[in-house]
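Just so it is clear, the model here is predicted, and its values are computed rather than measured. No hydrogens, no waters, no symmetry mates; every other heavy atom, side chains included, goes into these values. Residues: numbered from 1 along the sequence shown.
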Amino acid sequence: MPQTVSKATEYLMLIKNDSTKVTHHNLLKWEPPTRGFYKLNTDGAARGNPGIRGLGGVIRNHNGDWILGYMDNISHTTNTRAEVQALIRGLKLVEQNNLAPLEINTDSAETINMLLNGNLIYDPLICELRSIILRMDNVVVRHIYREQNRVADALSKEAAKEIFLNKSKILPVPPMFVNDVFWADILGIELVRSFVGCNINTIVHNITTIGVLQYPNNAPDVVPFVN
């Protein structure tokens with residue numbers, strides 16, 4: 001027992017040591033869906049919290065072709081509500097146009113968490129969101145990073161402008177202001193994202209006698225919804 005406590009203490013000291021922390025640089029890009037699937041990317045942009053919110057999203061196929069996009073403006077709401085409403089808006093379009101099977105991408109980790117665990121404050125919205133998803137066949141909800149969500153990000157920011165106040169628009173073709181990021185996605189252009197984390201090689205090298213270490217899975221959250 002004393003030896004076990006000693007090794008555990010050593011491990012804790014090592015992972016707290018700044019010398020074991022490093023910055024990782026990952027290259028990220030928009031990934032097209034599997035052939036035969038559609039992909040819905042959504043986002044919400046804010047001007048104050050609560051305040052004016054822009055909702056935006058785009059539906060594309062496995063070639064990256066633009067199927068449908070949308071922009072909505074809400075005069076007074078919160079960040080969280082905007083993210084969920086952006087997703088609901090997109091799913092209604094998907095359902096109306098029979099664009100299935102579907103993969104959903106959002107950079108809102110909070111939305112993913114509420115889908116999994118619920119939320120008392122936003123329960124009516126989450127119930128509506130779950131209900132739409134469960135009416136569809138073979139839906140996957142995936143968390144991504146902002147660098148992989150550039151088109152939806154641009155749409156939501158434009159929708160958050162005062163000139164768009166309380167307006168809504170369906171976009172059968174990409175608007176001019178998203179052309180650069182839209183084609184960047186098709187061409188697979190990558191952006192760098194930095195992550196600060198532990199230098200696993202350094203830690204493992206110094207604590208090999210402790211045994212096998214299990215680390216949290218850092219892959220994006222995936223929530224399958226299959227009827």
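In the hydrophobic clustering of this structure, Ile74 does not group with Leu165; members are Ile, Leu, Val, Met, Phe, Trp, Tyr whose side-chain heavy atoms approach within less than 4.5 Å, directly or through other members. Put simply, Ile88 and Ile112 are part of the same group of oily side chains (I, L, V, M, F, W, Y) that touch within less than 4.5 Å, one to the next. Linking ILVMFWY side-chain heavy atoms closer than 4.5 Å, directly or via other members, places Ile67 and Ile132 in a single hydrophobic cluster. A single hydrophobic cluster is not seen to contain both Phe37 and Ile133; linkage of ILVMFWY side chains at heavy-atom distances under 4.5 Å, directly or through other members, places them apart. Val139 and Val84 fall within a single hydrophobic cluster, where Ile, Leu, Val, Met, Phe, Trp and Tyr side chains are chained together by heavy-atom contacts under 4.5 Å.
To the nearest 0.5 Å, atom CD1 of residue Ile104 and atom CD1 of residue Ile144 are 11.5 Å apart. Taken to the nearest 0.5 Å, the OG atom of Ser108 stands 6.5 Å off from the CE atom of Met114. Taking NZ from Lys167 and NZ from Lys161, the interatomic distance works out to 12.5 Å, rounded to the nearest 0.5 Å. Between atom NE2 of residue His143 and atom CG of residue Asp107 there is a gap of 6.0 Å, rounded to the nearest 0.5 Å. With rounding to the nearest 0.5 Å, the separation of CG in Asn41 from CD1 in Ile59 is 10.0 Å. Put simply, CD on Glu162 and CD1 on Ile52 are 4.5 Å apart, with the number rounded to the nearest 0.5 Å.
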Donor-acceptor contacts under 3.5 Å from residues 116-128 side chains, at least two apart:
residue : atom : partner : partner atom : Å
Asn117  : ND2  : Asn113  : O            : 3.4
Asn117  : ND2  : Asn113  : OD1          : 2.7
Asn119  : OD1  : Ile121  : N            : 2.9
Asn119  : OD1  : Tyr122  : N            : 3.0
Tyr122  : OH   : Thr78   : OG1          : 3.1
Glu128  : OE2  : Lys92   : NZ           : 3.2

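For the salt bridge (charged side-chain N to carboxylate O under 4.0 Å, His left out) test, no residue two or more places apart in sequence or in another chain qualifies with Lys169. Evaluation of the salt bridge (charged side-chain N to carboxylate O under 4.0 Å, His left out) rule for Glu103 yields Lys39, Arg142 as partners, not counting sequence neighbours. Take Asp65 and apply the side chain to side chain donor-acceptor pair (under 3.5 Å) test, not counting sequence neighbours, and it matches Asn61. By the salt bridge (charged side-chain N to carboxylate O under 4.0 Å, His left out) test, Asp185 is found to be paired with Arg60, Arg150, residues two or more places apart in sequence or in another chain being considered. For Glu95, the salt bridge (charged side-chain N to carboxylate O under 4.0 Å, His left out) partners are Arg135, not counting sequence neighbours.
The nearest pair of heavy atoms linking Met136 to Leu91 is SD-CD2, 4.1 Å. Minimum heavy-atom separation, Gly56 to Ala152: O-CB, 4.1 Å. For the pair Thr42 and Ala86, the tightest heavy-atom approach, listed with the atom from each and the gap, is CG2-O, 3.9 Å. Of all heavy-atom pairs spanning Pro101 and Asn138, the tightest one is CB-O, 3.8 Å.
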Can you check side chain to side chain contact (heavy atoms under 4.5 Å, CB included) on Ser168 and Arg89, steps first, answer last? CA-CA 11 Å; Ser168 178; Arg89 181 76 170 102; 3.4 Å; yes
Let me see the working for Leu191 and Leu28 under side chain to side chain contact (heavy atoms under 4.5 Å, CB included), right down to the final yes or no. CA-CA 5 Å; Leu191 292 180; Leu28 300 175; 5.6 Å; no
Verdict with supporting geometry, Tyr70 and Leu171, side chain to side chain contact (heavy atoms under 4.5 Å, CB included): CA-CA 5 Å; Tyr70 60 94; Leu171 306 166; 5.7 Å; no
Which is it for Ile186 and Trp66 under the side chain to side chain contact (heavy atoms under 4.5 Å, CB included) test, yes or no, and what are the steps along the way? CA-CA 10 Å; Ile186 289 179; Trp66 184 286; over 6 Å; no
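The number of heavy-atom neighbours closer than 6.0 Å to CD of Gln96, taken from other residues, nucleotides and ligands shown, is above 12. Counting non-hydrogen atoms of other residues, nucleotides and ligands closer than 6.0 Å to CD1 of Ile170 gives a total above 12.
Distance alone, capped at 3.5 Å, is enough to place a donor-acceptor pair between the Asn73 side chain and the Ala159 backbone. Under the 3.5 Å distance criterion, the side-chain polar atoms of Arg193 are left unmatched by any main-chain donor or acceptor of Leu27. Listed for the Glu158 side chain is no donor-acceptor partner under 3.5 Å among the backbone atoms of Leu155.
Within the 4.5 Å cutoff, the side chain of His62 has no heavy atoms near those of the Thr34 side chain. Proximity of Leu40 to Leu87: side-chain heavy atoms (C-beta onward) are separated by under 4.5 Å at one or more points. Between Arg53 and Asn79 there is a side-chain heavy-atom pair separated by less than 4.5 Å.
Of the listed residues (Asp43, Thr106, Val58), just one forms a side-chain contact (heavy atoms from CB on, under 4.5 Å) with Asn149, and that residue is Asp43.
In this structure, a donor-acceptor pair under 3.5 Å is present between the side chains of Glu110 and Thr80. Trp30 and Asn105 share no donor-acceptor pair across their side chains, judged by distance under 3.5 Å alone.
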